[in-house]
Amino acid sequence: MCDALSGSAHLFEPKVFELLTAVQEEDQSHLFEHWGSVDARDADKRRLAYQIVLLDQTTPGGIVSYIRRARELLRDSRDGVNPLDGYTPSVPEGVRLDFGSCEYKELQSAGATAAASAAFVLVAGGLGERLGYSGIKIALPADTARGVSFLQLYIESILALQEQAVARGQQDCELPLIIMTSDDTHKQTVKFLEENSNFGMNPGQIALLKQDKVACLSDSNAHLALDASDSFRIQTKPHGHGDVHSLIHAAGLPQKWHQQGLKWVCFFQDTNALVFNGLLPALGASVRENYAVNSLAVPRKAKEAIGAIAKLRREDGHEMTVNVEYNQLGPLLKSTISEEGDVNDDSGFSPFPGNINQLVLKVDEYARQLQSTGGIVPEFVNPKYKDESKTEFKSSTRLECMMQDYPRGLAPDAKVGFTVINQVWSTYSPVKNSPEAGRLKVAANCPSHTGTSAEADVYHSHCSMLRQLGARVAAPEAVLFNGIRVHLGPRITWSPSFALTFHELEEKLNAAELSVSQRSVLIIEGADVHIDSLKVDGALWIRCGKGAQVRMQGFNVWNAGWEWQPLDDTHPGTEQEQIRGFHVKKNETAYQDVLVAVPSQRA
Ligand code: UTP
């Protein structure tokens with residue numbers, strides 16, 4: 001044992017000293033070597049010891065297990081071991097849907113019914129470096145017309161599903177929402193919820209689980225990295241969104257959900273306003289196909305830089321359906337079944353769909369799995385080596401884990417599938433990139449995933465739903481904001497309480513008698529809104545409180561409306577506007593928020 005550590009034993013409780021000794025025995029003497037120096041104060045030693053105790057409590061499996069896992073993964077990384085060696089890929093079983101097709105609508109309605117026994121998990125601990133927004137991403141507006149935040153939209157969607165369950169007779173239905181935060185987002189998330197009375201959810205309905213950072217590693221021998229400016233502090237970095245599973249396990253949630261009779265758990269991300277267009281049909285598909293794991297996915301061009309969902313089979317018969325990173329898929333295909341590697345098929349896309357990290361899991365299987373793994377999903381390490389010897393790193397690294405790697409540890413008989421919605425704009429359009437990063441993405445022929453594209457897709461999907469039902473909704477026009485070209489149709493958006501599914505829309509509006517011009521804004525809020533006949537050329541905001549009813553009959557709106565104007569020197573915009581590249585000039589708005597609308601010719 002290092003003399004310096006044993007010489008300080010009197011400073012610690014026996015349990016703490018035992019832990020420090022166990023850590024030291026994992027080839028970590030360097031952490032304590034300087035404790036014998038004259039500069040080392042007891043307070044500093046206690047500070048480092050306290051950090052190690054905390055790391056031990058918060059790191060999945062504890063700190064000693066983490067060091068051992070790191071040593072193995074770093075050895076494999078240095079030796080160039082490919083974890084996929086020996087596996088042959090194939091396209092897994094899955095469901096492919098066109099947005100608005102009969103099958104889509106059927107599964108969407110089935111999903112809305114199944115949601116009455118679902119829990120929802122929002123992973124919102126990411127730093128958002130690519131976007132560079134100073135606040136939390138879930139507080140950004142999901143669209144500028146309605147102006148509600150992503151978090152409000154998600155909560156409204158869950159509450160709308162809950163209301164439907166109650167209306168079907170499930171009186172005590174309260175659907176849980178779990179939000180994973182991190183040190184980077186936790187306080188702001190708590191404040192945002194408090195300031196907005198949880199956006200209507202009961203306090204006990206929302207649980208926040210904060211992920212902690214893990215210890216950094218300074219070299220291939222898995223030595224823990226001390227801070228360069230503080231030798232009594234271990235460097236830490238985020239472990240990744242895979243933490244969500246160990247936190248859910250530690251909180252005992254799957255057993256609780258199981259006891260409450262919940263059957264499904266849906267995972268989604270911080271900035272995708274369209275997620276319920278994908279989650280509901282995926283939930284319907286999970287029920288129909290009895291999937292233990294169902295990954296929402298998008299058509300993916302061959303070699304496109306997103307993970308692909310693939311079935312992998314080893315010679316000994318072991319099989320798993322998992323996310324394979326795009327840079328691993330090509331070489332794996334070439335070394336097994338296809339000389340050409342990852343190529344498009346007749347559909348113009350790779351047969352391997354692209355994973356978008358939104359998952360529907362079956363609760364009983366999930367509970368069993370977390371019980372046996374402690375919620376630890378397989379980790380990986382990605383060190384940047386200084387040179388060919390692969391011993392030293394350019395900067396410290398750490399183990400990471402991803403939420404979508406959960407199926408890697410599943411029993412072979414668990415049914416794992418995917419649900420692809422062929423029209424990506426209808427289900428997946430996140431705000432991940434700053435305008436600059438977005439322009440670079442477009443130059444590389446990839447979606448920009450900016451505030452600009454996300455907003456355009458919100459209107460696009462709402463317009464498309466109405467058009468598919470027979471409404472006359474003007475075609476979009478190409479516009480340029482922040483140097484990013486998008487197609488902007490009428491700015492139509494509605495609250496989840498009005499409609500989450502095609503079926504509800506059909507019940508609430510007579511699409512044949514609805515027309516909306518290109519420059520128009522149409523916002524609908526409230527459950528009990530019915531549109532018999534309506535023409536909009538300008539801006540109309542329909543607001544219907546709980547218990548109230550609005551019926552639009554022979555309603556004809558014409559006014560100066562709202563304008564989406566690019567930012568310039570005279571109007572540089574707020575930080576949120578700069579992310580999108582425009583501000584909205586509200587010239588004139590017709591409001592309709594009475595119980596029974598009076599027909600009029602001009603609002
Ligand atoms: P992203 O890929 O968007 O990463 O995460 P990010 O960390 O938020 O943003 P960048 O990479 O720094 O630009 C996908 C989802 O996972 C969550 C994010 O909040 C987002 O909803 N996430 C990511 C976590 O909850 N924890 C993490 O450690 C990382």
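Whatever order the structure lists ligands and atoms in, that order sets their numbers, starting from 1. Excluded from the calculations below are hydrogen atoms, water molecules and symmetry mates; all remaining heavy atoms, backbone and side chain alike, are included.
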Worksheet entry | Close-range residues for ligand 1, whose non-hydrogen atoms fall below the 4.0 Å threshold | Val123, Ala124, Gly125, Gly126, Leu127, Gly128, Glu129, Arg130, Lys137, Met180, Gln211, Gly240, His241, Gln269, Asp270, Lys432

Worksheet item: What residue among Glu400, Gln211, Glu379, Lys213 forms side-chain hydrogen bond (donor to acceptor under 3.5 Å, both in side chains) with His239?
Response: Glu379

Fill in: Residues that Gln578 engages under side chain to side chain contact (heavy atoms under 4.5 Å, CB included), provided they are two or more places apart
Leu567

Worksheet item: When you look at Arg580 and Glu577, which way does the salt bridge (charged side-chain N to carboxylate O under 4.0 Å, His left out) test go after all the steps?
Response: CA-CA 5 Å; Arg580 284 152 199 264; Glu577 287 170 335; over 6 Å; no

List the atom pairs, donor and acceptor, that lie under 3.5 Å between side-chain atoms in residues 265-277 and the rest of the protein, sequence neighbours left out.
from, atom 1, to, atom 2, distance (Å)
Gln269, OE1, Lys432, NZ, 2.8
Gln269, NE2, Ile356, O, 3.0
Asp270, OD2, Lys137, NZ, 2.9
Thr271, OG1, Val431, N, 3.0
Thr271, OG1, Val431, O, 3.4
Asn272, OD1, Leu274, N, 3.3
Asn272, OD1, Ser429, N, 3.1
Asn272, ND2, Gln358, OE1, 3.3
Asn272, ND2, Thr427, O, 2.8
Asn277, ND2, Ser426, O, 2.8

Item to complete: Return the minimal non-hydrogen interatomic distance between Ala114 and Leu283, and the atom names on each side.
Response: CB-CG, 4.1 Å

Kindly list each side-chain donor-acceptor pair under 3.5 angstrom involving residues 175-184, sequence neighbours excluded, with atom names and distances?
from, atom 1, to, atom 2, distance (Å)
Thr181, OG1, His186, ND1, 2.7
Ser182, OG, Gly125, O, 2.7
Ser182, OG, Asp184, N, 3.2
Asp183, OD1, Lys210, NZ, 2.7

